[in-house]
Amino acid sequence: MTSEKFTVEKVLSIQRWTNNLFSFTMTRPAHFKFTAGQFARIGIMVDGELIVRAYSLVSSPYDEILEFFSIVVPDGAFTSRLQHLKVDDELYLEKIPYGYLTLARYQQPAPKDLWLLATGTGLAPFLSMLQDFSTWQHYQQIFLVYSVRSQAELAYVARIKEIHESFGENHPNFCFIPVITRDATATLNQRLPILIENGQLEQVAGQNFNVDSSHIMLCGNPEMVEDTKEALKRRGLKMNRRGEGNIAVENYW
Ligand SMILES: Cc1cc2nc3c(=O)[nH]c(=O)nc-3n(C[C@H](O)[C@H](O)[C@H](O)COP(=O)(O)OP(=O)(O)OC[C@H]3O[C@@H](n4cnc5c(N)ncnc54)[C@H](O)[C@@H]3O)c2cc1C
């Protein structure tokens with residue numbers, strides 16, 4: 001039943017960040033081509049039934065393996081099982097990738113400043129984009145804004161530094177902006193829509209959003225995506241439709 005749409009891949013590594021966050025890598029079949037920002041559909045077989053969920057690719061389109069960043073939802077049909085994943089386990093991978101949260105969707109305005117705004121595991125597609133040289137070639141400035149609840153949930157920070165060093169070596173204008181919403185001592189600790197409304201995000205970035213130059217991508221929690229989108233629209237920024245406009249979004253649930 002599954003063989004036509006899926007291939008069976010092997011788990012290669014697992015990295016645990018917290019009790020409810022982990023990353024894993026798996027083999028990549030030669031036919032599986034994707035664009036940075038897209039997602040895969042991954043399946044686990046449970047009692048003869050395949051449970052499938054969407055997962056953004058963390059890895060670059062040029063990597064030999066596939067990497068993913070996952071939440072563990074208590075009682076979640078998929079992740080309550082996925083959390084017990086071990087090296088050499090098998091996972092199902094749908095043969096084709098999906099999704100339009102890719103930089104290719106932007107025609108107007110022309111690429112200049114790129115804002116990547118994530119909550120939690122919504123960081124994944126942005127890590128893929130940042131591991132694609134063309135992203136660094138196309139933009140003069142890149143801002144990666146990563147909102148989590150606690151310092152412990154701030155996964156991938158060392159990797160973000162490494163990515164900047166290896167992919168954006170001659171690109172000084174990269175700014176990583178963590179937001180920790182339950183840490184009163186963090187430089188930024190409010191929800192993203194509030195940080196946009198009160199101007200704090202732009203202040204820390206040292207750059208304003210600009211309707212004529214900004215490409216802004218939002219990914220993760222649907223409430224954050226909706227409220228941030230509205231805050232940006234109130235600033236005159238426009239949804240990207242048929243290639244034109246500033247804001248592109250992806251909701252995880
Ligand atoms: C396009 C797309 C890409 C996605 N990429 C990723 C990804 O890269 N990593 C990832 O962990 N999930 C991702 N998801 C969510 C993922 O598909 C599953 O929802 C998630 O794995 C939980 O599955 P579940 O069956 O355990 O719980 P579900 O029954 O699917 O979800 C139960 C509830 O858990 C919460 N929830 C679901 N996903 C998340 C999440 N990522 N972070 C916080 N809370 C969540 C929501 O409240 C949801 O209603 C993506 C979803 C979409 C639509």
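Every number for a ligand or one of its atoms is a count from 1 in the order of the listing. The figures that follow rest on heavy atoms only: side chains count, while hydrogens, waters and symmetry mates do not. This chain uses plain numbering: 1 for the first residue, then up along the sequence.
Here Trp253 has side-chain heavy atoms under 4.0 Å from ligand 1, and that is the only part of it that gets that close. Under 4.0 angstrom from ligand 1, the non-hydrogen atoms of Tyr252 come from both its backbone and its side chain. Counting heavy atoms closer than 4.0 Å to ligand 1, residue Asn251 contributes backbone atoms (N, CA, C, O) but none from C-beta onward.
Remark: minimum distance from atom 50 (C) of ligand 1 to any protein heavy atom is reached at Ala54 O, 3.2 Å. The closest protein non-hydrogen atom to atom 33 (C) of ligand 1 is Val73 CG1, 4.0 Å. In terms of protein heavy-atom proximity, atom 41 (N) of ligand 1 is nearest to Thr121 OG1, 2.9 Å. Of the protein's heavy atoms, Arg53 CD, 3.7 Å lies nearest to atom 18 (C) of ligand 1. The single protein non-hydrogen atom nearest to atom 21 (O) of ligand 1 is Tyr55 OH, 2.7 Å, given as residue, atom name and distance. For atom 8 (O) of ligand 1, the nearest non-hydrogen atom of the protein is Ser56 N, 3.1 Å.
Side chain to side chain, Asp113 and Ser214 meet the donor-acceptor criterion of an N or O pair below 3.5 Å. Counting only N and O atoms by type, the side chains of Thr121 and Tyr55 include no donor and acceptor under 3.5 Å apart.
Ligand 1 has no N or O atom lying under 3.5 Å from any N or O atom of Ser80, backbone or side chain. Residue-to-ligand polar distances place Ile71 within reach of ligand 1: an N/O pair is separated by less than 3.5 Å. Checked against a 3.5 angstrom limit, the closest N/O atoms of Glu250 and ligand 1 fall outside it.
Within a 6.0 Å sphere centred on CZ of Arg182, heavy atoms belonging to other residues, nucleotides or ligands number 12 at most. Heavy-atom contacts from other residues, nucleotides or ligands closer than 6.0 Å to CD of Glu165 number more than 12.
Glu223 has its side chain within reach of Asp227: a pair of non-hydrogen atoms, C-beta onward, lies under 4.5 Å apart. The side-chain heavy atoms of Val11 and Asp88, taken from C-beta on, include no pair separated by under 4.5 Å. Using a 4.5 Å heavy-atom threshold, the side chains of Gln141 and Leu114 count as separate.
Arg191 and Glu197 are not joined by a salt bridge, as no carboxylate oxygen comes within less than 4.0 angstrom of a charged side-chain nitrogen.
The ligand atoms of ligand 1 that sit less than 4.0 angstrom from a heavy atom of Ser70 are 11 (O). Every atom of ligand 1 is numbered from 1 in the order shown, and the set under 4.0 Å from a heavy atom of Gly76 is 24 (P), 25 (O), 26 (O), 27 (O). Atoms of ligand 1 found under 4.0 Å from any heavy atom of Phe78, numbered from 1 in the order shown, are 23 (O), 24 (P), 25 (O), 26 (O).
If you look at Trp136 and Phe167, their ring centroids are not closer than 6.0 Å.
Less than 4.0 angstrom separates atom 44 (N) of ligand 1 from at least one non-hydrogen atom of the protein.
In this structure, Arg235 is not positioned above the aromatic face of Phe209 in the sense of NZ or CZ being under 6.0 Å from the six-membered ring centre and within 45° of the axis.
Scanning Tyr100, Phe69, Phe39, Phe22 for the heavy atom closest to atom 1 (C) of ligand 1 points to Phe39. Closest heavy-atom approach to atom 26 (O) of ligand 1 within the set Thr79, Ile44, Leu21, Val52: this belongs to Thr79.
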| Check against ring-ring contact (aromatic ring centres under 6.0 Å, His included), Phe68 and Phe22 | CA-CA 9 Å; Phe68 302 94; Phe22 67 103; over 10 Å; no
